[in-house]
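We're numbering straight along the sequence, starting at 1.
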Amino acid sequence: MSDAVVGRGTALVTGASRGIGRAIARRLARDGYEVVAAARHLDELEALRAEIETAGGRCRALVLDVADASAVAASLRGLEVDLLVNNAG
C-alpha cells in the first residue's frame, strides 16, 4: 500500500470492520482516499485504521449503527464525502 496516490478525497465505507467492507476500505486507502471506516465494532475499526495508517494511508474510525437513523445523522453532520460505499448489511 505504500504507493498511494494522495488527494483523491474522502470515502465513507459502512460495514468496514469485516469482509468486503474492510477490503474496500483498504483498497480505497491504497488508491489515495482518506477513508472514514464506519461499523459497530470499535476494536475491529481500530485495527483497520492502524493497518491503513501503517501502510501510509489515512483512516478515521467511526463507530456507527446504520440502523439508527438519528445516530447516523448526528455522526455524519458536517462530513464532506466524495465517495460512499454503503456496504453495511
Side-chain angles (χ1 to χ4, degrees):
M1 279 199 220
S2 62
D3 58 344
V5 177
V6 178
R8 304 241 2 221
T10 300
L12 171 62
V13 181
T14 66
S17 62
R18 299 179 183 164
I20 293 171
R22 184 180 184 91
I24 291 169
R26 291 173 58 211
R27 176 58 187 258
L28 290 171
R30 186 173 62 234
D31 288 348
Y33 285 92
E34 176 182 6
V35 174
V36 178
R40 294 177 295 163
H41 307 284
L42 178 61
D43 55 337
E44 294 173 1
L45 286 172
E46 287 297 328
L48 173 62
R49 182 193 56 75
E51 180 182 347
I52 288 173
E53 290 180 353
T54 297
R58 297 184 311 160
C59 181
R60 289 185 269 168
L62 177 63
V63 176
L64 183 65
D65 182 352
V66 297
D68 183 346
S70 61
V72 171
S75 295
L76 300 181
R77 187 170 292 117
L79 178 65
E80 293 185 26
V81 174
D82 299 293
L83 177 68
L84 169 63
V85 179
N86 195 13
N87 174 70

In short, A25 meets I52 closest at the heavy-atom pair O-CD1, 3.9 Å

Only counting residues at least two apart or in another chain, list the ones meeting side chain to side chain contact (heavy atoms under 4.5 Å, CB included) with L42. E46, V63

I need the minimum non-hydrogen distance between A37 and L45, along with the two atoms involved. O-CD2, 3.5 Å

Which residues satisfy the side-chain hydrogen bond (donor to acceptor under 3.5 Å, both in side chains) test with T54, sequence neighbours excluded? none

Indicate the atoms forming the closest heavy-atom contact of Y33 with L83, along with that distance. CZ-CD2, 4.1 Å

Which residues pass the side chain to side chain contact (heavy atoms under 4.5 Å, CB included) test with L79, not counting sequence neighbours? V36, R60, L76, V81

Heavy-atom pair with the smallest gap, counting every atom of A38 and L12: CB-CD1, 4.1 Å

Of all heavy-atom pairs linking A71 and L64, the shortest is O-CD1, 3.9 Å

Scan for side chain to side chain donor-acceptor pair (under 3.5 Å) pairs involving residues 66-81, sequence neighbours excluded, and state none if there are none. D68-S70

Evaluate the criterion side-chain contact (heavy atoms from CB on, under 4.5 Å) for residue pair R26 and R22; output intermediate values, then yes/no. CA-CA 6 Å; R26 291 173 58 211; R22 184 180 184 91; 4.3 Å; yes

The criterion is side-chain hydrogen bond (donor to acceptor under 3.5 Å, both in side chains); which residues satisfy it with E44, sequence neighbours excluded? S17, R18

Smallest separation among heavy atoms of L28 and A11, with atom names: CD1-CB, 3.8 Å

Residues which pass side-chain hydrogen bond (donor to acceptor under 3.5 Å, both in side chains) with D82, listed by chain and number, not counting sequence neighbours: none

Taking only residues two or more places apart in sequence or in another chain, which ones pass side chain to side chain contact (heavy atoms under 4.5 Å, CB included) with N86? T14, L84

